[in-house]
Number of protein chains: 2
Amino acid sequence: MLFRHNGFGMELRHLRYYVAVAEALNFTKAAARLRVAQPALSRQVQDLEDEIGVDLLTRSPRGVALTAEGKLFLEEARDILKRTDEAVEKTRSLARGEFGELHIGYSPSPTVEILPPALGTFQKSVPRVTVRLHNLAGNELADGVRKGTLELAVMQRPLEANGIGLQFEPLHAYPICVAVAPDHPFAKMKSVALARLATEKLVVFRRREYADYHALLASVLRSVNQRLPIATECDGASSLITEISTGRGIAILPLVFEKIVGARLKLRPLTPAPPAQEIGIVRALKGDVTPAGEKFCACLRSSVKQLTR
Amino acid sequence: MLFRHNGFGMELRHLRYYVAVAEALNFTKAAARLRVAQPALSRQVQDLEDEIGVDLLTRSPRGVALTAEGKLFLEEARDILKRTDEAVEKTRSLARGEFGELHIGYSPSPTVEILPPALGTFQKSVPRVTVRLHNLAGNELADGVRKGTLELAVMQRPLEANGIGLQFEPLHAYPICVAVAPDHPFAKMKSVALARLATEKLVVFRRREYADYHALLASVLRSVNQRLPIATECDGASSLITEISTGRGIAILPLVFEKIVGARLKLRPLTPAPPAQEIGIVRALKGDVTPAGEKFCACLRSSVKQLTR
DNA sequence: ACCCATTATGCCGGAAAAGCATCGCTGCGC
DNA sequence: GCGCAGCGATGCTTTTCCGGCATAATGGGT
């Protein structure tokens, strides 16, 4: 190198050597501990002192003592070395997926059986990863994953139009059911023929907020060419439960809603069975999933395994 | 070196280079900025990545991009480099006496004219030095300086017995005076002959707490072979002022007390003048004074110069 | 398919660090 | 009082490795 700037000679080696000497208060012993020869150590510490322009040690034939400046610099050097170790370890942790932030999108209702236990095991295995959950609508989830603001989404299979650039890994499939009040005639049946819905009125979620649900509904009804009158539109699960249990109508729901409605409604499978609602992991086709994200997927999969047992 | 430990290859150079590349997002430009050739930079960053065992950058023919780990490590590296600079600068500051702690012992009354202005100018010139003032008796001051718990003391010249191992640098000398109430006959004189004290009673400070004062007093009186009756012993300046102004007696005091007693007492020089009370700097004969201490001494000297004008 | 910018690789020279031997200093013990 | 032991510094040689130059490889853009 032609030109060497003033302060560009200091290296971590100098700090490591200085700390060793300052701790041993003896060049020879420090050299042994560092597995280097004493003269090398001697010179490196001299270089360090020249670099800083301050005497850090007072030498004597009996060993060395720290000057006031040396004491200060010892603290500083120790701190710097500790921080470098921490920096490296942090980075490795991040690479191993044991550290950092993980942005996960999800649809609350369809994932109610899968997500909570997966979150629990994940946080237990890597507590230093902060999971940020984002409760969004289906198309927003898809957009988020595509843009990269979400690393993964746990949700129903995206519609064709929403699915471009995304990969869907199915975790579980819920049969489509009809939800009725416990005193409704359907409640006594083991399954309900699709054709029998013709005389019923539908309770549905609001189209605006539940586009995915309406897509599902449409596909179910389309398959039998039916068009049912809509009794009410609900803004959420609890009002839907109220509407149905008071006899205002029935609803078409995936079986997972059993976990939500409890005993207040009865869910009966439809025959012939429409295509089941698939719940799974959505990730971007291109764009890496971090190790932490992979771990999370593993937790989801094992959460599903527990479920089916 | 025969054995090279796992993590002992990382140096500040690697961090400096990595930061440059991560900021430029381009090896070639970073190399130019660092005034090194691009291949050198390329290799050093590779070495760093090998060392950590994590990919920090994704290379492409259009430049480089940071991985998530790379972003984290960039922050860490920047911080480490900043801290090293700070560590060096702190150490240099300490060596220049612009930083650190300074323990100063003093006797309050005799230094009342000198110390406060010196402290003021000192703190203005080096605000990052924390001055710790220790108000102690004369022998404790001497002990403290000898032991090194005090770097300096500002006080009257130590007695012979107390002065061993110490160096005294005189700053100012105050003539010995007699202090009387304003209506006392002495108050009208320009000076008072020592012999005329014979008919007076003495107001003194307590022997226990003011050994130095009593030594001074003894030497003044011994020089004229007088022994005066003691009217009262006082625990401090304010009670001494009260005693004298109410006519209970007179006191022998150095002229500096004029600043303390104000108009409440009159101080008149004695003739023939006894040896003046010398105020100065006490330091250990061996044992360094830090640069900050030297600066403080300079402030004291200039404070005295201001005084005599 | 070619081109260009950009990074990676091979090789060499030199600077700097490490090792070895030795010197100089100082305090301790015989 | 003198030698000896322990310590750090210094001179010199060896080794390492960093940097420079030339060039290959890579891959997106036109």
Side-chain angles (χ1 to χ4, degrees), chain A residues 1-52 54-67 70 74 286-288, chain B residues 1-52 54-67 70 74 286:
Chain A
M1 197 188 281
L2 204 56
F3 295 102
R4 195 160 263 291
H5 286 54
N6 283 331
F8 279 60
M10 198 168 89
E11 292 294 347
L12 290 178
R13 172 173 29 82
H14 294 114
L15 303 186
R16 288 189 271 259
Y17 284 11
Y18 174 70
V19 169
V21 172
E23 284 177 350
L25 293 176
N26 179 316
F27 274 84
T28 315
K29 301 223 178 75
R33 214 160 66 72
L34 290 169
R35 313 278 204 145
V36 297
Q38 169 266 318
L41 195 52
S42 201
R43 258 191 279 257
Q44 291 299 313
V45 174
Q46 281 177 35
D47 289 349
L48 176 64
E49 288 178 298
D50 288 350
E51 175 78 31
I52 304 180
V54 174
D55 282 353
L56 302 174
L57 303 172
T58 57
R59 278 88 163 162
S60 85
R62 299 184 50 194
V64 295
L66 303 187
T67 63
L74 174 59
K286 57 185 305 176
D288 285 339
Chain B
M1 196 190 282
L2 203 56
F3 295 103
R4 197 159 261 289
H5 285 56
N6 284 331
F8 279 60
M10 197 167 90
E11 293 294 349
L12 289 178
R13 172 172 29 82
H14 293 114
L15 302 186
R16 289 189 270 259
Y17 285 11
Y18 174 70
V19 169
V21 172
E23 284 177 348
L25 294 175
N26 179 316
F27 275 84
T28 314
K29 301 223 177 75
R33 215 161 62 75
L34 290 169
R35 313 278 205 146
V36 296
Q38 167 266 317
L41 194 52
S42 199
R43 257 191 281 255
Q44 292 297 315
V45 174
Q46 281 176 37
D47 290 347
L48 176 65
E49 289 178 297
D50 288 349
E51 175 78 30
I52 304 179
V54 174
D55 284 353
L56 301 175
L57 303 171
T58 56
R59 281 88 164 160
S60 84
R62 301 184 48 194
V64 294
L66 302 187
T67 63
L74 174 60
K286 57 185 303 175

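Letters A, B, ... are given to chains in the order of the sequence lines, protein chains preceding strands, and every chain is numbered from 1.
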[X] has an atom [atom1]; how far is it from atom [atom2] of [N], in whole Å?
X	N	atom1	atom2	value
Met10(B)	dC17(D)	CE	C1'	18 Å
Leu48(A)	dA16(C)	CG	C1'	16 Å
Arg13(A)	dC18(D)	CZ	P	10 Å
His14(B)	dG19(D)	NE2	C1'	13 Å
Leu12(A)	dA17(C)	CG	P	14 Å
Leu41(A)	dA17(C)	CG	P	13 Å

> Of the options Thr67(B), Val45(B), Leu74(B), which is the one that meets Leu57(B) in a side chain to side chain contact (heavy atoms under 4.5 Å, CB included)?
Replying inline: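 Among Thr67(B), Val45(B), Leu74(B), the one meeting side chain to side chain contact (heavy atoms under 4.5 Å, CB included) with Leu57(B) is Val45(B).
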> Is Tyr17(B) reaching over with its side chain to a backbone N or O of Leu48(B), donor-acceptor style, under 3.5 angstrom?
Replying inline: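 The answer is no, because no donor-acceptor pair under 3.5 Å joins these two groups.
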>> Under a 3.5 Å distance rule, please check whether Glu49(B) uses its side chain to pair with a backbone N or O of Leu56(B) as donor and acceptor.
In response: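 Yes; at least one donor-acceptor contact below 3.5 Å.
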> Sequence neighbours excluded, which residues qualify as ring-ring contact (aromatic ring centres under 6.0 Å, His included) partners of Phe27(A)?
Replying inline: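 Listed in chain order: nothing, the list is empty.
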> How does each nucleotide of nucleotides 8-13 of chain D score, in 5' to 3' order, for protein heavy atoms under 4.0 Å: base (B), sugar-phosphate only (S), or none (-)?
Replying inline: BBBBB-
> In Å, rounded to the nearest 0.5 Å, how long is the span from CG of Asn26(A) to CZ of Arg62(A)?
Replying inline: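 It comes to 11.5 Å.
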>> Arg16(B) vs Glu11(B), test: salt bridge (charged side-chain N to carboxylate O under 4.0 Å, His left out). Steps then yes/no.
In response: CA-CA 9 Å; Arg16(B) 289 189 270 259; Glu11(B) 293 294 349; over 6 Å; no
>> Measuring to OP1 and OP2 of dA18(C), would you say a side-chain N or O of Gln44(A) lies under 4.0 angstrom away?
In response: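 Affirmative; the distance criterion is met.
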